[in-house]
Amino acid sequence: MSSYIPFPSASITQPKQLNVLRDMDMESISRVHATYPMRISNYYFQLIKKFGTPLLKQAVPDIRELHDPDGLVDPLDEENLSPVPNLVHKYPDRALFLISNQCSVYCRFCTRKRKVGKSEMVITDQTIADGITYIKQTPAIRDVLLSGGDPLMLTDQRLEKIIQAVRLIPHVVTIRIGTRIPCTLPERVTPELAQMLGKYHPLYINTHFNHPAEITLQSSRACSLLADAGIPLGCQTVLLRGINDDPDIIRELMYKLIQIRVKPYYLFQADLTRGTSHFRTSIETGMAIMRHLIGHVSGMAIPTYALDAPGGGGKIPLTPDYITSLDNTLQFTTYQGKSCSYPNTTID
Ligand SMILES: *Cc1c(COP(=O)(O)O)cnc(C)c1O
Ligand code: SF4
């Protein structure tokens, strides 16, 4: 039996299917497609037709993907941090377990562009079993992140077997699933799936929305099903040039997320992944966006802006600096730019 859900019908997988869009450079698209996979679910393709550029750029191949000599194949050094294939153990207490190599939309900016959707990424019963064994033998691991690819591309049955095996490990406290499916293939989130996942608490889902236009009736319904099953929902947004690198767009996205019960978790500075440099913004752009959010919008709508350190150093928060000096007095500026101080003294 197949491990994956049936290929979503009417998905876009061949360059010629894109010719219904305007101004497509078919030759470039075909060249990129020979190196990096393309798939766009029918649902997301309809959104692209409706909203254009910010969604199109995330999913339609661009010739610049092939001209990025300074980009790094494996920017986070994941392969070297894998004690067994497809399990990245970087932080002592958590493991990133890659259990699917498929996605419903292949994001052009994917950090794992080197392998997601490609034959290089081999996931078998054996790699899954080896990952489970490694987690079992490593008592320091208390948080297992299921990722890929997209874990929700697996059939309910396959996914449940993996989650069940992880849940049976006594030292594992939380299970997390990283998925873009509520955003890119919301019809995959069925009441049956939500009910199944709800049996394995504490289970968290971090989804991935990058633009307010991605928040639709359908994606909101998908998130409701999951939230109603008791699953806390977070969002890991990527800051992308020409797509969402604007304070008003990010603010609208964050507000819309909390409206559908998704708590913004991270806003990621783009990684140095080869083939994605054209998406990168400056750190100043991200900082300016954070200054626009902090204090001005509900704290519930504020993610942590973070950079995943090249070479596997882990995630580093990039927070605008409100402190101007710190000794016996803390001097700082408020979100409105006013100077303020606080006596830095304690009583014995
Ligand atoms: C991002 C990541 C995690 C989880 O980090 P959190 O800050 O806890 O969300 C764990 N392992 C790897 C390899 C990661 O890249
Ligand atoms: S959904 Fe995630 S894993 Fe899949 S292509 Fe997009 S960023 Fe990569």
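Whatever order the structure lists them in is the order used to number ligands and atoms, beginning at 1.
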Practice prompt. Any atoms of ligand 1 less than 4.0 Å from a non-hydrogen atom of K315? List them with their elements.
Written response: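 Those atoms are 1 (C), 2 (C), 3 (C), 4 (C), 5 (O), 7 (O), 14 (C), 15 (O).
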Worksheet item: Can you list the atoms of ligand 1 that are under 4.0 Å from a heavy atom of Y265?
Response: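 Matching atoms, with element in brackets: 6 (P), 7 (O), 8 (O), 9 (O).
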Worksheet item: Quick one: does R176 get a heavy atom under 4.0 Å from ligand 1?
Response: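 Distance cut 4.0 Å: R176 passes for ligand 1.
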Are the charged groups of [X] and [Y] less than 4.0 angstrom apart, N to O?
X    : Y    : result
D228 : R261 : yes
R114 : D74  : yes
D156 : R188 : yes
K199 : E160 : yes
R180 : E214 : yes
D143 : R176 : yes

Fill in: Protein residue, atom and distance nearest to atom 10 (C) of ligand 1, heavy-atom basis
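Nearest neighbour among protein heavy atoms for atom 10 (C) of ligand 1, to 0.1 Å: Y91 CD1, 3.5 Å.
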Worksheet item: Roughly how far apart are R221 CZ and S219 OG, rounded to 0.5 Å?
Response: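 It comes to 10.5 Å.
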Practice prompt. Answer side chain, backbone, both or neither: which part of L145 comes under 4.0 Å from ligand 1, heavy atoms only.
Written response: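 The answer is the side chain of L145.
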Discussion item. Check this for me - ligand 1, Y266, N or O atoms closer than 3.5 angstrom, yes or no?
Written reply: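 Yes.
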Worksheet item: Is the closest protein non-hydrogen atom to atom 2 (Fe) of ligand 2 under 4.0 Å?
Response: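 Looking at atom 2 (Fe) of ligand 2, one finds that no protein heavy atom lies closer than 4.0 Å.
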Item to complete: Report the C-alpha distance between K161 and I128 in whole Å, list the side-chain angles of each, state the deciding distance to 0.1 Å, and finish with yes or no for side-chain contact (heavy atoms from CB on, under 4.5 Å).
Response: CA-CA 10 Å; K161 273 186 98 164; I128 302 280; over 6 Å; no
Discussion item. Strictly under 2.8 Å of atom 6 (Fe) of ligand 2: which protein N/O/S atoms qualify?
Written reply: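 As for protein N, O or S atoms lying under 2.8 Å from atom 6 (Fe) of ligand 2, they are C107 SG.
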Discussion item. Taking the six-membered ring for Trp, are Y134 and H89 closer than 6.0 Å centroid to centroid?
Written reply: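 Y134 vs H89: aromatic centres under 6.0 Å.
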